[in-house]
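Worth saying up front: this structure is predicted, and the values here are computed from it rather than measured.
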Amino acid sequence: MDLENKSVRVNKKNHIKLFPKSLQVTWNPLRVTVMLGVLAAYYFGLTGTFWAVTGEFTRWGADLMKVVGIDTNQFQYLKLIHYQGTVLTRIDGVMILGMFLGAFGAAYISNNLKWRMPMSWIRVGQAVIGGMFAGFGARLAMGCNLAAFFTGIPQFSLHAWIFAAFMAAGTYVGTKVIRLPLFQTRAKLVKNKNGISKYRNIGKVSQNAQTLHTFLFVIALILAILLLIHSFAITTVLGLTVLFGLVFGFLLEKGQICFTSGFRDLWNFGRTLMLDAILAGMAISSVGTLVFIMLGRTPKIFWAGPNVVIGGFLFGLGIVIAGGCETGWMYRAMEGQVHFMLVGVGNVIGSMLLVFVWNSWAPVLAYKYPKVNLLQVFGNFGGLVVTFLLLGICYLLGQVWKKHVLNKSL
């Protein structure tokens, strides 16, 4: 893992001791993904939509189009994702703002805040280009690692399983691509006062920086309160959405939940900790989501066509090249990692590019293919059983690959 991508733990002696140690340490990924699975189900039940982010990033791109004078009414995709209002009046908009603020708060409490620049121009290129691949692929497939995977599978949409398979394939290819000589860079060495070379200490934070971090934390807290007041003043649902976003962001940072690392660690080292945690979270979410569907909520079902195959593969490839998925870059950007801020920029650009080609691509790749709801095919109980069986198969395949990698290393 690259030094600029590591979650930095600075000296605890410099951190103001306002928070218990249980909040300052990194939480077990399994514990966090189970909580996220429960919350995702309730988010669907209370708001009627599912936890997703790249659709809103696409709307941000549409806002930029308007600024430069482009007529957004000509694009079918923007109508498809209900582009209207502002970031402060859209459910996805305020939820994402909440995620950023929640992740920043968690990073401050955990002492993970530090301004970190990419260590080479190659890393800058990886961030932007990988982010573009991921953003384009996510929107082509109608969802990213959230909407077409973590919350897409619990929605019982067949397209999510197709996405999962080709995303996995894309991440595997991605691990091969980033091993090419082009992407190999070395950590910079500096000399200490004794003239001895060592790797730069990226974890050292000055007292002035700590003061700045505290100031920024207070500002973030004030913004969170104002966002809550504003959203609840519009509708209760919008206010609840902000609360969910704050908790989502907080938990992602505390658990260091990154779907990219889950697949990358699997392919490279046979480690299944993160992937197993993600599967467990989806299993929990599937049960809760089904309950709300039976109570009247409508699941989000999308086309099971070539758009998902191509989009899933491009997304998987992109997140490995970039070094982080949608949720991963969001909380890492809030930790001060400029690399992942650039990944976010690439995401928005990639999403915008998809908007420009959707009018001509969709009739061939998406519209003529069915939207398959597993609950309608197998019934409510049958759909849940099929989902659990497929999750179980994913777990077993992970264990088989883990054993393969371990035997290969002996």
Side-chain angles (χ1 to χ4, degrees), residues 1 5 7 26-38 40-41 143-146 148-179 251-252 254-290 308-309 312-313 315-317 319-320 323-328 374 378 381-410:
M1 185 179 294
N5 294 350
S7 177
T26 300
W27 292 356
N28 184 295
L30 178 60
R31 171 187 174 189
V32 172
T33 55
V34 167
M35 288 190 286
L36 288 172
V38 173
C144 60
N145 54 289
L146 289 181
F149 187 54
F150 190 76
T151 58
I153 285 176
Q155 293 281 320
F156 303 99
S157 180
L158 177 62
H159 96 286
W161 283 106
I162 299 173
F163 178 89
F166 285 90
M167 176 182 67
T171 58
Y172 179 78
V173 174
T175 60
K176 304 299 181 183
V177 171
I178 61 174
R179 290 180 183 176
L251 289 175
L252 287 169
K254 291 307 302 176
Q256 296 288 292
I257 305 300
C258 181
F259 293 71
T260 305
S261 64
F263 283 98
R264 185 179 57 210
D265 290 351
L266 173 69
W267 301 133
N268 286 338
F269 312 111
R271 297 173 186 161
T272 61
L273 176 63
M274 184 64 71
L275 186 59
D276 291 346
I278 291 169
L279 293 175
M282 288 193 288
I284 295 294
S285 186
S286 297
V287 176
T289 300
L290 177 59
V308 185
V309 173
F313 182 84
F315 178 79
L317 177 66
I319 62 175
V320 174
C325 60
E326 310 309 288
T327 52
L374 296 180
F378 299 103
F381 179 74
L384 182 63
V385 169
V386 168
T387 297
F388 269 72
L389 285 174
L390 291 173
L391 289 172
I393 291 172
C394 290
Y395 172 79
L396 291 175
L397 289 175
Q399 297 306 305
V400 170
W401 182 262
K402 177 179 180 179
K403 185 176 181 180
H404 165 74
V405 173
L406 291 176
N407 290 337
K408 189 176 179 181
S409 64
L410 294 178

Would you check if [X] and [Y] make a side-chain contact, meaning some heavy-atom pair closer than 4.5 Å?
X: Val320; Y: Val177; result: no
X: Cys144; Y: Phe259; result: no
X: Val405; Y: Trp267; result: no
X: Leu36; Y: Leu252; result: yes
X: Gln399; Y: Thr272; result: yes
X: Arg179; Y: Asn268; result: yes
X: Thr171; Y: Thr175; result: no

[X] side chain to [Y] main-chain N or O, any donor-acceptor pair under 3.5 Å?
X: Trp401; Y: Leu266; result: yes
X: Ser157; Y: Gly152; result: no
X: Ser285; Y: Ala40; result: no

Search all heavy atoms of [X] against all heavy atoms of [Y] and return the closest pair with its distance.
X: Ala148; Y: His159; answer: CB-NE2, 4.1 Å
X: Ile278; Y: Phe150; answer: O-CE1, 3.7 Å
X: Pro154; Y: Thr289; answer: O-CG2, 3.2 Å
X: Met274; Y: Gly255; answer: CE-O, 4.3 Å
X: Thr387; Y: Ser286; answer: CG2-OG, 3.7 Å
X: Ala164; Y: Ile153; answer: CB-CD1, 4.4 Å

Could you check whether the rings of Phe149 and Phe263 sit parallel, tilted or perpendicular, using 30° and 60° as the cut-offs?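 Ring orientation, 0 to 90° scale: tilted.
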Over 60° means perpendicular and under 30° means parallel, so tell me whether Phe163 and Phe315 are parallel, tilted or perpendicular.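 Aromatic pair Phe163/Phe315 classed tilted.
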Just one of Ile319, Leu146, Ile257 clears the side-chain contact (heavy atoms from CB on, under 4.5 Å) bar with Cys325, so which one?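 Single pass found, and it is Ile319.
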Identified side-chain contact (heavy atoms from CB on, under 4.5 Å) partner of Phe388 from the options Val385, Leu390, Leu384: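 Checked Val385, Leu390, Leu384 against Phe388; only one passes side-chain contact (heavy atoms from CB on, under 4.5 Å): Leu384.
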To the nearest 0.5 Å, tell me how far [X] [atom1] sits from [Y] [atom2].
X: Thr33; Y: Met35; atom1: OG1; atom2: CE; value: 8.5 Å
X: His404; Y: Leu397; atom1: NE2; atom2: CG; value: 13.0 Å
X: Leu389; Y: Ile393; atom1: CG; atom2: CD1; value: 6.5 Å
X: Cys394; Y: Asp276; atom1: SG; atom2: CG; value: 11.0 Å
X: Thr260; Y: Asn145; atom1: OG1; atom2: CG; value: 7.0 Å
X: Leu317; Y: Lys176; atom1: CG; atom2: NZ; value: 13.5 Å

Is it true that Ser261 and Asp265 share a donor-acceptor pair across their side chains at a distance under 3.5 Å?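 Ser261 and Asp265 do not have a side-chain donor-acceptor pair below 3.5 Å.
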